[in-house]
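Here is the structure we will look at, set down as structure tokens.
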Amino acid sequence: PLKYSLKPVNALSDEECAQVLADSGEPIWNRMALMALRTGMRQGELLGLRWQDVDFDRRILTVARAGARGVFTSPKSNRIRYIPMTRDLTTALLAVRRVAGSVFSGANGAPLTDTMANHALRRIQKRTDLRPLHWHLFRHTFASQLVRRGVPIRKVQALLGHSTVTMTERYA
């Protein structure tokens with residue numbers, strides 16, 4: 001017989017999420033962490049998000065590209081998807097709203113890199129005294145929170161951009 005072991009889902013607890021969200025050491029990275037926890041977007045999708053992808057009237061984000069090492073391509077699934085924004089995320093983005101450019105960019109407007117994002121997350125982890133954090137952990141956390149709240153797995157699949165529900169089940 002085949003042996004199959006399902007690893008436990010690695011997600012942040014509500015208390016750990018609160019600690020991350022309470023951190024205010026680096027506003028741009030704190031906003032990015034908030035967006036990751038509220039949308040389940042991949043690190044590259046966060047880095048690729050542009051202001052034109054943020055619809056404040058309808059409170060929807062359009063995930064149309066991903067960035068890695070300064071190169072922007074289509075999202076991993078090669079499909080555009082739409083994610084609703086929570087009130088706290090909308091408020092945080094309205095406070096720094098721009099007409100164009102990357103939502104997450106340096107002071108000079110240059111896009112941020114995955115290396116910069118990973119180093120920033122380590123600093124957040126140290127300031128909050130949490131276990132090691134990584135951007136994909138926020139994605140798992142988002143999925144787990146939705147499932148715990150009774151959101152149908154197919155809806156979670158669509159929000160995460162997974163091609164199969166089996167992949168989503170691994171997350172949640």
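No experiment lies behind these values; they were computed from the predicted model shown.
- Counting only heavy atoms from C-beta outward, the side chains of Leu61 and Leu89 approach each other to under 4.5 Å.
- Taking CG from Leu37 and SG from Cys17, the interatomic distance works out to 5.0 Å, rounded to the nearest 0.5 Å.
- Looking at every heavy atom in both residues, Trp51 comes nearest to Arg97 through CH2-CA, 3.7 Å.
- In this structure, Arg81 contributes its side chain and Val63 its backbone to no donor-acceptor pair below 3.5 Å.
- By the salt bridge (charged side-chain N to carboxylate O under 4.0 Å, His left out) test, Arg127 pairs with Asp23, Glu26, sequence neighbours left out.
- For the side chain to side chain contact (heavy atoms under 4.5 Å, CB included) test, residues two or more places apart in sequence or in another chain that qualify with Ile28 are Arg31, Phe104, Leu112.
- Across Asn10 and Leu137, no two heavy atoms sit closer than the pair O-CD1, 3.2 Å.
- Not counting sequence neighbours, the partners of Tyr82 by the side chain to side chain contact (heavy atoms under 4.5 Å, CB included) test are Ile60, Thr62, Ile80.
- A donor-acceptor pair is defined here as one N or O able to donate and one able to accept, closer than 3.5 Å; no such pair exists between the side chain of Arg79 and the backbone of Ala64.
- Arg59 contributes a side-chain N or O that, together with a main-chain N or O of Met85, makes up a donor-acceptor pair within less than 3.5 Å.
- Residues Gln43 and Asn118 have side chains that bring a donor and an acceptor to within less than 3.5 angstrom of each other.
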Inset, instruction - Take Thr113 and Leu47 through the test side chain to side chain contact (heavy atoms under 4.5 Å, CB included) and record every step on the way to the result. - result: CA-CA 7 Å; Thr113 67; Leu47 294 171; 5.8 Å; no

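- By the 6.0 Å contact criterion, CG on Asp129 is open, its count of non-hydrogen atoms from other residues, nucleotides or ligands being 12 or less.
- Counting only residues at least two apart or in different chains, ring pair (Phe, Tyr, Trp, His ring centres under 6.0 Å) contacts with residues 109-138 comprise Trp135-Phe138, His136-His140, His136-Tyr171.
- The closest side-chain heavy-atom distance from Pro84 to Arg58 is not below 4.5 Å.
- Looking only at side-chain heavy atoms (C-beta outward), Met35 and Leu93 come within less than 4.5 Å of each other.
- When atom types are taken as modelled, the side chain of Asp53 and the backbone of Leu49 share no donor-acceptor pair closer than 3.5 angstrom.
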| message | One pair to check against side chain to side chain contact (heavy atoms under 4.5 Å, CB included): Arg87 and Thr90. What are the steps and the verdict? | response | CA-CA 5 Å; Arg87 277 191 173 77; Thr90 303; 5.6 Å; no

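- Considering Gln157, Lys155, His162 as possible partners of Thr168, the one that fulfils the side chain to side chain donor-acceptor pair (under 3.5 Å) test is His162.
- Of the inter-residue distances, the one linking Ile153 atom CD1 with Leu146 atom CG reads 9.0 Å to the nearest 0.5 angstrom.
- Atom CG of Leu12 is separated from atom CG of Leu130 by 7.0 Å, given to the nearest 0.5 angstrom.
- To the nearest 0.5 Å, the span separating CZ on Phe56 from CG on Leu94 amounts to 4.5 Å.
- Partners of Arg42 under the salt bridge (charged side-chain N to carboxylate O under 4.0 Å, His left out) rule, at least two apart in sequence or in another chain, are Glu45.
- A side-chain donor-acceptor contact under 3.5 Å links Arg139 to the backbone of Gly40.
- Contact annotation: the side chain of Arg170 approaches that of Met167 to within less than 4.5 Å [non-hydrogen atoms, C-beta and beyond].
- Between the OG atom of Ser144 and the CZ atom of Arg149 there is a distance of 10.5 Å, given to the nearest 0.5 Å.
- Judged by distance alone, the side chain of Gln125 and the main-chain N or O of Leu133 form no donor-acceptor pair under 3.5 Å.
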Evaluation steps, side chain to side chain contact (heavy atoms under 4.5 Å, CB included), between Met116 and Leu121
CA-CA 9 Å; Met116 294 164 74; Leu121 202 53; over 6 Å; no

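- In this structure, Arg98 places its CZ atom where only 12 or fewer heavy-atom neighbours from other residues, nucleotides or ligands lie under 6.0 Å away.
- In this structure, the separation between OG on Ser102 and CG on Leu46 is 11.5 Å, given to the nearest 0.5 Å.
- With sequence neighbours left out, Arg131 forms a salt bridge (charged side-chain N to carboxylate O under 4.0 Å, His left out) with Glu16.
- Considering all non-hydrogen atoms of both residues, Asp57 and Asp55 come closest at N-OD1, 3.1 Å.
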*Does the side chain to side chain contact (heavy atoms under 4.5 Å, CB included) test come out yes or no for Arg38 and Phe142, once each step is laid out?*
CA-CA 6 Å; Arg38 297 296 190 251; Phe142 173 74; 5.7 Å; no

